[in-house]
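See below for the structure under consideration.
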Number of protein chains: 2
Amino acid sequence: MSDLLERLRGRGWRMTAQRRVVAEVLDGEHVHLTADEVHARAVDKLPEISRATVYNTLGELVSLGEVLEVSTDRRAKRYDPNAHRPHQHLVCARCGAIRDVHPTGNPLSALPDSERFGFTISDVEVTYRGVCPNCVATA
Amino acid sequence: MSDLLERLRGRGWRMTAQRRVVAEVLDGEHVHLTADEVHARAVDKLPEISRATVYNTLGELVSLGEVLEVSTDRRAKRYDPNAHRPHQHLVCARCGAIRDVHPTGNPLSALPDSERFGFTISDVEVTYRGVCPNCVATA
DNA sequence: ATCCTACGATAGACAATGTCTAAGTCAAGT
DNA sequence: ACTTGACTTAGACATTGTCTATCGTAGGAT
């Protein structure tokens, strides 16, 4: 189901073992990994891959619009392969779990012109914070 | 107009020269400073104040609910003394300028139960991103 | 007014995350 | 199979923040 690798190849992305491995890690698991977690999983498949390459490759995938960067906390950025359907995030304040969610309506419409101060707004990022059922149970 | 110092004293906050200076920096300028910027301005008034103290004090002010932590980018956290009126942030993608904004409605109501996955949601954080008039002009 | 003591402040080491550089390697076109 | 420019590497460096051990002091007690 590696649409991602196909798309990248089709866009003229030079394919290397390292890039393939990073793409596979993201494509394989639909979760929100940090750069270090991506690196750890990449090392399992390609032990000599370097940290810098993982960072570079993630940065490229973000530039290409194939992966989203998510900063839900002040810790490491996370990488979200679900870049093709707009969505927001729901974060557990206790365990850090992240879920993709799809709110109704367009959050942009909640900001009247008088509150835009002449800005040309291009994007809205919404993060819902709470406690997940698991953490509530073990509270 | 130092309500802040008054409130803190009233809450039994032990007053020191360092804490006073940090509180004054935040109270004086209604902007969104990073910890290092707070430190720099504090040093102007009290040259021997240490970085650790600024971090500690900011952390306490956040715990006390007198100041909000804002993470609009992956860079340093910013500290927002406007903690008593709920608001969201509008960020310039070019120069990083931050404005407080007040959207209409409650963003929580945009998330149907079916999209809450059993989470107990306590907070919503909305960040609008765009380009400010100044940066548009100089583009 | 002075003394005590617990709480606050300090310097600097350490940690986490990310970026940069110089040199080596290799994918892909010829 | 060559060649070349793009990719990868190791590790130094940068930024932001935290921790620890020690010193200083605010504010209550005397």
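A, B, ... follow the sequence lines: proteins, then strands. Residue 1 opens every chain.
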Distances under 3.5 Å between protein N/O atoms and the N/O atoms of nucleotides 28-30 of chain C, please, pair by pair.
{"from": "C:dA28", "atom 1": "OP1", "to": "A:Met15", "atom 2": "N", "distance (Å)": "3.3"}

Any side-chain heavy-atom pair from B:Tyr79 and B:Thr34 closer than 4.5 angstrom?
->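 When only atoms from C-beta onward are counted, B:Thr34 and B:Tyr79 do not touch, as no gap falls below 4.5 Å.
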A:Leu33 side chain reached by A:Arg78 side chain, heavy atoms, under 4.5 Å |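 When only atoms from C-beta onward are counted, A:Leu33 and A:Arg78 do not touch, as no gap falls below 4.5 Å.
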Return each pair, listed once, that meets salt bridge (charged side-chain N to carboxylate O under 4.0 Å, His left out) where at least one residue sits in residues 52-64 of chain A; pairs must be two or more places apart or across chains.
->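 Residue pairs with at least one partner in residues 52-64 of chain A: A:Arg19-A:Glu60.
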Can you tell me which residue pairs pass the salt bridge (charged side-chain N to carboxylate O under 4.0 Å, His left out) test with a partner in residues 117-137 of chain A, sequence neighbours excluded?
->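 Pairs touching residues 117-137 of chain A that pass the test: A:Glu125-B:Arg129, A:Arg129-B:Glu125.
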So which residues get pulled into A:Ile98's cluster when ILVMFWY side chains under 4.5 Å apart are joined, directly or through others?
->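 Under the 4.5 Å side-chain rule, A:Ile98 groups with A:Val91.
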Which ILVMFWY residues can you reach from A:Val124 by hopping between side chains whose heavy atoms are under 4.5 Å apart?
->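 Answer for A:Val124: A:Leu90, A:Val101, A:Leu108, A:Leu111, A:Phe117, A:Phe119, A:Ile121, A:Val126, A:Tyr128, B:Leu90, B:Val101, B:Leu108, B:Leu111, B:Phe117, B:Phe119, B:Ile121, B:Val124, B:Val126, B:Tyr128.
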Just how far, in rounded Å, is [atom2] of [N] from [atom1] of [X]?
X       : N      : atom1 : atom2 : result
B:Glu69 : D:dT16 : CD    : P     : 15 Å
B:Arg19 : D:dG27 : CZ    : C1'   : 13 Å
B:His39 : D:dT16 : NE2   : P     : 14 Å
A:Ile49 : C:dT25 : CD1   : P     : 17 Å
A:Glu37 : C:dA16 : CD    : P     : 14 Å

Considering heavy-atom distances to DNA chain C, does B:Gln18 or A:Ala17 have its closest nucleotide positioned more toward the 5' end?
->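 This one resolves to B:Gln18.
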Grab the N/O contacts between the protein and nucleotides 17-21 of chain C below 3.5 Å, and write none if there aren't any.
{"from": "C:dG18", "atom 1": "OP1", "to": "A:Lys77", "atom 2": "N", "distance (Å)": "2.9"}
{"from": "C:dG18", "atom 1": "OP2", "to": "A:Tyr55", "atom 2": "OH", "distance (Å)": "3.1"}
{"from": "C:dG18", "atom 1": "N7", "to": "A:Arg51", "atom 2": "NH1", "distance (Å)": "3.3"}
{"from": "C:dG18", "atom 1": "N7", "to": "A:Arg51", "atom 2": "NH2", "distance (Å)": "3.4"}
{"from": "C:dG18", "atom 1": "O6", "to": "A:Arg51", "atom 2": "NH2", "distance (Å)": "3.1"}
{"from": "C:dT19", "atom 1": "O4", "to": "A:Arg51", "atom 2": "NH2", "distance (Å)": "3.2"}

Could I get the full list of side-chain hydrogen bond (donor to acceptor under 3.5 Å, both in side chains) partners for [X], not counting sequence neighbours?
X        : value
A:Arg85  : none
B:Ser109 : none
B:Thr53  : B:Ser50
B:Arg20  : none

Residues from residues 58-65 of chain B sitting under 4.0 Å of DNA chain C, heavy atoms only?
->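 Here the set is empty: none.
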Not counting sequence neighbours, list each pair that qualifies as a ring pair (Phe, Tyr, Trp, His ring centres under 6.0 Å) and has a residue in residues 81-113 of chain A.
->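 For residues 81-113 of chain A: A:His32-A:His89, A:His87-A:His89.
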